[in-house]
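Convention: sequence-line order gives letters A, B, ...; per-chain numbering from 1.
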Protein chains: 2
Amino acid sequence: MAGVTLRDVALTVGVSAKTVSNVVNGTGWVSDEVRDRVKEAIRELGYRPNFAARQLRHGRTGLLALAVPDLREPYFAELAASFVGTAQKRGRTVLINQTGADRDIERALIEGEGLPSIDALVLSPLALTAEDLGARRSRTPLVLLGEQAAVLLDESIVHLGMPNVTASRAAVEHLIAQGRRRIAAIGIQNSGPNASSSLRALGYREALAGAGIAVDPALLREVVHFSRAEGTRSVEEMLGARVEVDALFCFNDSLAFGALHALAVNGIRVPEDVAVVGFDDIDEGRYTVPTLTTVGPGPEVIADHVFDLIDRLEEQPIGRHVLPHELVIRESA
Amino acid sequence: MAGVTLRDVALTVGVSAKTVSNVVNGTGWVSDEVRDRVKEAIRELGYRPNFAARQLRHGRTGLLALAVPDLREPYFAELAASFVGTAQKRGRTVLINQTGADRDIERALIEGEGLPSIDALVLSPLALTAEDLGARRSRTPLVLLGEQAAVLLDESIVHLGMPNVTASRAAVEHLIAQGRRRIAAIGIQNSGPNASSSLRALGYREALAGAGIAVDPALLREVVHFSRAEGTRSVEEMLGARVEVDALFCFNDSLAFGALHALAVNGIRVPEDVAVVGFDDIDEGRYTVPTLTTVGPGPEVIADHVFDLIDRLEEQPIGRHVLPHELVIRESA
DNA sequence: CAGGGCGATGTCAACGCTGACGGACTCGGG
DNA sequence: CCCGAGTCCGTCAGCGTTGACATCGCCCTG
């Protein structure tokens with residue numbers, strides 16, 4: 001489609017294709033005069049190097065695939081935004097897929113089915129099993145995000161875990177340090193022991209235990225999704241049941257946004273009456289009223305770290321990595 | 001990286017590379033027996049076709065680039081989600097870029113700089129000028145979304161416009177039909193006459209004029225961004241100024257969500273006291289309380305239509321296309 | 001039994017680019 | 001005047017794949 005090739009440029013200038021290639025890539029020796037004429041011709045003809053040919057010649061593509069369950073969820077939208085932004089800064093391109101939490105799709109992705117040749121796949125798995133990973137044939141480097149796949153079987157897999165337990169504990173300890181004692185945990189799910197929900201609940205329990213506070217089942221609120229609507233519903237239910245509360249630890253920021261909404265509608269002041277802490281540090285927390293206190297690492301940090309890993313892929317980084325957590329204190333707690 | 005090539009498979013089976021190619025692509029004639037042996041070997045060796053080589057051979061990549069200002073904005077996140085979903089259904093792959101509303105980045109993108117070879121670029125431009133488009137060298141098909149680039153100079157450009165005026169008019173007429181007379185327009189901006197904001201304001205005025213209702217400047221609310229926070233702020237300001245209102249037409253759904261929040265906090269019932277209509281038909285409107293009445297076309301429809309255009313790119317579709325609008329009636333109005 | 005048609009597979013070249021290598025030419029020192 | 005080192009540029013081949021075309025054996029028809 002592009003039409004103009006190295007050869008075309010070479011012909012109009014009257015040199016060999018290789019010389020033009022040298023000019024384009026800054027390799028070899030080219031006299032200033034020839035270089036200028038070549039550059040001129042390139043501009044003139046509108047020559048653009050052909051990616052496919054380049055790639056075919058020497059393995060790399062500069063392409064990186066990111067696969068998340070659903071871009072509609074704010075957390076994944078932000079994650080994707082951070083990836084794309086970081087990639088653009090680093091001269092790479094991100095190609096995005098949605099798994100819809102479908103195991104077959106996740107399985108197809110780790111095999112690279114339907115994908116162009118990429119340098120690495122970054123996957124936030126939800127349904128993938130250890131067997132699937134074990135059965136993997138593709139040798140494309142794979143970076144797994146999150147807890148769902150804590151099992152590593154293939155030597156080409158890198159796992160980047162979130163500091164779920166420690167971050168959650170830090171968040172709840174922050175609430176306790178402010179004198180809060182009736183702290184609700186919003187986001188309980190009936191999932192496996194390695195699921196994010198379970199790990200965050202564990203951090204919550206550890207913090208309470210550390211302060212000698214008993215866990216009140218009435219303060220453990222189950223949700224179906226980590227969504228705004230569920231956050232609202234949870235709080236409405238607690239209020240309806242007249243549960244005494246002075247703080248909320250929400251298992252992600254969307255839940256927290258929903259909770260803030262419910263509190264505002266019911267005339268409950270934040271943080272005076274009830275303090276609120278979220279989890280994930282997504283951007284929108286800067287713009288809510290009040291602004292949201294939350295724990296990270298945020299998407300930017302994750303993206304940055306993943307790119308670091310990918311850049312050093314030939315060397316070491318196989319195995320499990322866990323990012324440090326950080327507490328982002330804003331107005332809500 | 002993949003290592004295994006057609007030739008490898010061919011050698012182990014004892015046929016020619018071309019035959020393997022025929023099996024893979026379902027082209028030509030291959031006996032069932034050979035086909036089975038080849039398939040077996042493919043599975044055995046873990047052969048994966050090389051995208052770069054395929055592409056080099058015959059122009060297509062199956063890659064499609066989508067460039068939006070910022071994935072963090074819910075509307076663009078949904079648009080991207082719809083694109084990715086539709087692409088997956090249609091056997092294509094989407095690669096995403098963010099422009100950050102930066103003219104240099106938009107300019108670089110329409111030239112394909114830094115991008116791999118793609119079949120088409122879909123761009124939602126904010127800063128691009130007519131000159132930029134005129135100066136474009138790349139011949140990659142380009143689909144422009146939205147109003148910012150109503151000027152077409154290059155014959156390889158397809159413009160997909162939103163039905164801003166007609167959809168807005170329909171939204172406001174819907175409010176008027178319910179007997180609403182004090183209808184605020186939330187989302188006024190001081191931008192050019194072709195900007196979305198101006199066109200939506202025009203639809204609003206047309207609807208009022210059609211019903212013989214005068215425009216009250218107190219009901220025209222300016223915003224900086226089309227964001228949730230600004231929607232909240234606008235409504236708080238109106239309430240603070242004791243402006244009489246019985247309906248809100250918000251220029252996008254995010255503004256509407258913010259408005260719903262402000263109304264709820266202030267104990268104003270929706271739709272009994274104030275009706276609310278948004279614009280864009282993003283998914284979240286299904287989950288708010290109350291659910292949001294809005295006008296489309298929604299992201300899904302847009303994505304679908306863009307893919308149709310791209311599939312028929314060789315033929316006709318150069319020029320301006322405008323999607324039909326649709327009114328999505330839910331609880332809020 | 002010649003000739004045509006069809007099924008099944010192979011040969012060849014080219015897509016655009018770039019490493020490895022090989023001239024040719026200049027210049028300065030021995 | 002010869003030779004090595006340094007410049008500048010070209011030739012060649014091949015990355016993996018697939019269209020165009022050739023080949024070969026077979027059955028069918030007249």
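If you measure from atom CG of N50(B) to atom C1' of dG16(C), you get 14 Å, rounded to the nearest angstrom. Put simply, CZ on R48(A) is 20 Å from P on dC15(C), counting in whole angstrom units. Between L11(A) atom CG and dG10(D) atom C1' the separation is 14 Å, expressed in whole Å. Between R57(A) atom CZ and dC12(D) atom C1' the separation is 11 Å, expressed in whole Å. Rounding to whole angstrom units, CG of residue N22(A) and C1' of dT18(C) are separated by 9 Å. The nearest whole Å value for the distance from the CD atom in Q55(B) to the P atom in dT17(D) is 14 Å. Between the CG atom of D32(B) and the P atom of dA8(C) there is a distance of 8 Å, given to the nearest Å. In this structure, CZ of R7(A) is placed 14 Å from P of dT18(C), rounded to the nearest angstrom.
For S16(B), counting side-chain heavy atoms from C-beta on, the closest listed nucleotide (dT17(D), dG10(D), dT11(C)) is dT11(C). Here the nucleotide nearest the side chain of L56(B), chosen from dT17(D), dG16(C), dC9(D), is dG16(C). Looking at the side chain of K18(A), the nearest of the listed nucleotides dT11(D), dC9(D), dT9(C) is dT11(D). Nearest nucleotide to the W29(A) side chain, out of dT17(D), dC8(D), dT9(C): dC8(D).
The two residues L123(B) and P125(B) have their closest heavy-atom pair at O-CD, 3.1 Å. The two residues V9(B) and T12(B) come nearest to each other via the heavy atoms O-OG1, 3.0 Å.
The backbone N or O of D104(A) sits less than 3.5 Å from a side-chain atom of D102(A), completing a donor-acceptor pair. Formation of a donor-acceptor pair under 3.5 Å by the D8(B) side chain with backbone atoms of T5(B) is found in this model. Side-chain atoms of S21(A) do not come within 3.5 Å of backbone N or O of A17(A) as any donor-acceptor pair.
In terms of phosphate contacts, N25(A) brings a side-chain nitrogen or oxygen within less than 4.0 Å of OP1 or OP2 of dT18(C). Between T5(B) and dG16(D) there is no side-chain N or O to OP1 or OP2 distance below 4.0 Å. Close to dT18(D), at under 4.0 Å from its OP1 or OP2, lies a side-chain N or O of S21(B). For the pair T27(B) and dT18(D), the criterion of a side-chain N or O lying under 4.0 Å from OP1 or OP2 is not met.
Within 4.0 Å (heavy atoms only), R54(B) reaches sugar-phosphate atoms of the nucleic acid but no base atom. Residue F51(A) is classed as having no contact, given no heavy-atom separation below 4.0 Å to the nucleic acid.
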